[in-house]
> 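Starting off with a structure, shown below.
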Amino acid sequence: MLAVVLFARTCGGGDQPALSGEQARRVQLDESPIDLTLSFSGDLLIHSPVWGAALAQGGGSEYDFAPLLAELRPYVEDADLAFCHIETPMTSATPTGYPLFNTPPELAEAVAASGWDVCDTASNHTLDQGSEGVASTLKALDRAGVAHTGSATSERRRRKPLIVEAGGARIAYLAYTTDTNGIPLPHPYTVNIADPERIAADARRAREAGADAVIVNLQWASELVPEYVTKPSTGQQKLVARLAAIPEITAIVGQGPHVVQPIREVGGKTVVFSEGNLISNQGADAGLAEASQDGYIALLDLRIDGEGARVARARYVPTWVDHVDYRVLPIGPAIETGEADAATLEASYDRTVGVVGRKPATPVPESLP
């Protein structure tokens, strides 16, 4: 009906008003809907054993993170758009771990080689290396050809929404962190802080710039949710409820507590509360929560038509980090090929599915052999 009504306005006679750009786009999408799969990953949290493993992969003279991420490529490269979360700054100075991280810039090359199209850089560790660390991180991603958002080197760049295209659709990606571990912002634009009014304004700006859908990424830092807690906190739920009520926002994804949290429907919007760690040295062998060795890749199937954009189906791929060589293993394929102890992988799968559930998102695979 939408297409018929608007078509009549353009063809009835010479004095009929022309369609606006937005109306024309809605007609186009009503006639030819677009279906996309978007892939979202958790924290790339580069502790010293992780960059040590990358150094070993590079023969001791350079850092090669790509082999640590290679098993993920079917769930990253095969998506129409793949998004990652850069937790730590990247500079050419000597690498460091917790509490003030500094990651070799070669991580950006591995991100590109693994198939990620876009990374957000808004985290509680973004400012660990100051303004120089922010600038260096963004340069590393630029050199690797990976789009980015969440931190910036100027107000002009911060205000310009990141809109990426795939399959004829324009997807805006906005990223924020809830805090910076108490480190003051050098400038208001250096890293995006999760303020609902600011997010709403950014979402409107993205729609005005032509985005068909707006995805908001939230990095939940410890001021809002305790680490290693699988149940969303009251603060998380309140912020998500406010954002889900913003009509311009299509879906919300997040990470931060270092463990997985559920995928839920809030106000008719799909919300990925936390994908957990994608790669890290966290886990029981490091004296931390066993579940911090688990994670998942969220796969959101997006339908964009004349009525707007919505998540038509949500899936997730449980993952586990092997602390022998720090490879990230999708659990289903890893069990089939015997790449790690089956009982350990099964326990990780059960922990993740036990938290995330089977509705509204389904695990991949839906069951283990």
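We use all heavy atoms of the structure for the numbers below, so side chains are in, but hydrogens, waters and symmetry mates are not.
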> Hey, is the main chain of R170 close enough, under 3.5 Å, to the side chain of D212 for a donor-acceptor pair?
yes

> If you define the side chain from C-beta out and look only at heavy atoms, does anything of S48 sit under 4.5 Å from P95?
no

> Does any part of the side chain of Q236, heavy atoms only, come nearer than 4.5 Å to the side chain of T178, both counted from C-beta?
no

> Is it true that a side-chain atom of R158 and a backbone atom of G150 form a donor plus acceptor pair closer than 3.5 Å?
no

> Kindly compute the distance separating CG (L162) from NE2 (H148), expressed to the nearest 0.5 Å.
8.5 Å

> Test V118 against D120 for side-chain contact (heavy atoms from CB on, under 4.5 Å), laying out the working first.
CA-CA 7 Å; V118 182; D120 86 85; over 6 Å; no

> Looking at every heavy atom in both D35 and R303, which two are closest together, and how far apart are they?
OD1-NE, 2.5 Å

> State which residue, out of Q255, Q261, H85, fulfils the side-chain hydrogen bond (donor to acceptor under 3.5 Å, both in side chains) condition with E275.
Q255

> Please check if atom CD in Q237 has more than 12 non-hydrogen atoms from other residues, nucleotides or ligands closer than 6.0 Å.
yes

> Mind checking whether Y349 and V321 sit in one hydrophobic cluster, side chains of I, L, V, M, F, W, Y counted as touching below 4.5 Å?
no

> Using the rule given for side-chain contact (heavy atoms from CB on, under 4.5 Å), can you reason through S274 versus V260, listing the C-alpha separation, both sets of side-chain angles and the distance that settles it, and then say yes or no?
CA-CA 5 Å; S274 172; V260 302; 5.7 Å; no

> Taking the side chain as C-beta and beyond, is there a heavy-atom pair between H187 and T153 under 4.5 Å?
no

> Please, which pairs that meet disulfide (SG to SG under 2.5 Å) have at least one residue in residues 100-171, sequence neighbours excluded?
C84-C119

> Is T177 reaching over with its side chain to a backbone N or O of I193, donor-acceptor style, under 3.5 angstrom?
no

> Examine the side chains of S348 and D294 and answer whether a donor and an acceptor come within less than 3.5 Å of each other.
yes

> Check for me, please, whether M90 and V146 land in the same ILVMFWY cluster - side-chain distances under 4.5 Å, paths through other members count.
yes

> Test your reading of the model: is there a side-chain donor-acceptor pair from R207 to the backbone of E248, 3.5 Å cut-off?
yes

> So among Y75, F83, W116, which one has a side-chain contact (heavy atoms from CB on, under 4.5 Å) with S41?
W116

> State yes or no: do V259 and L345 share one hydrophobic cluster built from I, L, V, M, F, W and Y residues joined by side-chain heavy-atom distances below 4.5 Å, directly or via other members?
no

> Step by step, work out the side-chain contact (heavy atoms from CB on, under 4.5 Å) result for Q282 and H47.
CA-CA 9 Å; Q282 294 187 333; H47 294 104; 3.6 Å; yes

> So, for P232 and P262, which heavy atoms are closest and what is the spacing to 0.1 Å?
CD-CD, 3.7 Å

> Please report the closest heavy-atom contact between L127 and P184, naming both atoms and the distance.
CD1-O, 3.6 Å

> Do the non-hydrogen side-chain atoms of E106 and D64 ever get within less than 4.5 Å of each other?
no

> Please answer: with hydrophobic residues joined when any side-chain heavy atoms are less than 4.5 Å apart, are L329 and I331 in the same cluster?
yes

> Output, in order, the C-alpha distance, side-chain angles, deciding distance and verdict of side-chain contact (heavy atoms from CB on, under 4.5 Å) for R156 and K160.
CA-CA 6 Å; R156 179 184 63 83; K160 184 178 181 181; 5.6 Å; no

> Would a distance-only check, ignoring hydrogens and angles, find a side-chain to backbone donor-acceptor pair under 3.5 Å from N277 to D43?
no

> Taking CZ in R198 as the centre, count heavy atoms belonging to other residues, nucleotides or ligands within less than 6.0 Å. Is the count above 12?
yes

> May I ask you to check whether N124 and T180 show a side-chain donor-acceptor distance below 3.5 Å?
no

> When rounded to the nearest 0.5 angstrom, what distance separates CD1 in I279 from CD in Q293?
11.0 Å

> Once rounded to the nearest 0.5 Å, what's the spacing between atom OG of S233 and atom NZ of K238?
10.0 Å

> Give the ring-plane orientation class for Y173 versus F40, where under 30° counts as parallel, over 60° as perpendicular and anything between as tilted.
tilted

> What distance do T96 atom OG1 and F101 atom CZ have between them, rounded to the nearest 0.5 Å?
8.0 Å

> State, yes or no, whether a side-chain contact exists between P363 and R358 at a heavy-atom distance under 4.5 Å.
yes

> Heavy atoms only: give me the nearest S123-V191 pair and the separation to one decimal.
N-CG2, 4.5 Å

> How long is the straight-line distance from CD of E109 back to OH of Y63, given to the nearest 0.5 Å?
13.0 Å

> Are the side chains of I46 and F65 in touch, meaning some heavy atoms are under 4.5 Å apart?
yes

> Under a 3.5 Å cutoff, is there a donor and acceptor pairing between the side chains of T103 and T88?
yes

> Does some side-chain heavy atom of V229 sit less than 4.5 Å from a side-chain heavy atom of P257?
no

> As an exercise, state the distance from OG1 of T319 to CG of D322, rounded to the nearest 0.5 Å.
12.0 Å

> Can S136 and T91 be counted as having a side-chain donor-acceptor contact under 3.5 angstrom?
no

> Ignoring hydrogens and angles, tell me if any N or O in the side chain of D301 forms a donor-acceptor pair with the backbone of A312 under 3.5 Å.
no

> Can you hop from V311 to V272 via hydrophobic side chains spaced under 4.5 Å?
yes

> Within a strict 4.5 Å, meaning less than it, do heavy atoms of the I171 and I163 side chains meet?
no

> Minimum heavy-atom separation for D325 to R327, with atom names?
OD2-NE, 2.9 Å

> Rest of the hydrophobic cluster containing L239 (Ile/Leu/Val/Met/Phe/Trp/Tyr, side-chain heavy atoms under 4.5 Å)?
L174, Y176, I199, V214, V216, L218, W220, L224, V225, V240, L243, I246, I249, I252, V266, V271, F273

> If I compare all heavy atoms of P330 with all of L72, which pair ends up nearest, and what's the gap?
CG-CD2, 4.0 Å

> Does a salt bridge link R205 with D202, judged by any charged N lying under 4.0 Å from a carboxylate O?
yes

> Give a yes-or-no answer on whether the side chains of E265 and T270 include a donor-acceptor pair shorter than 3.5 Å.
yes

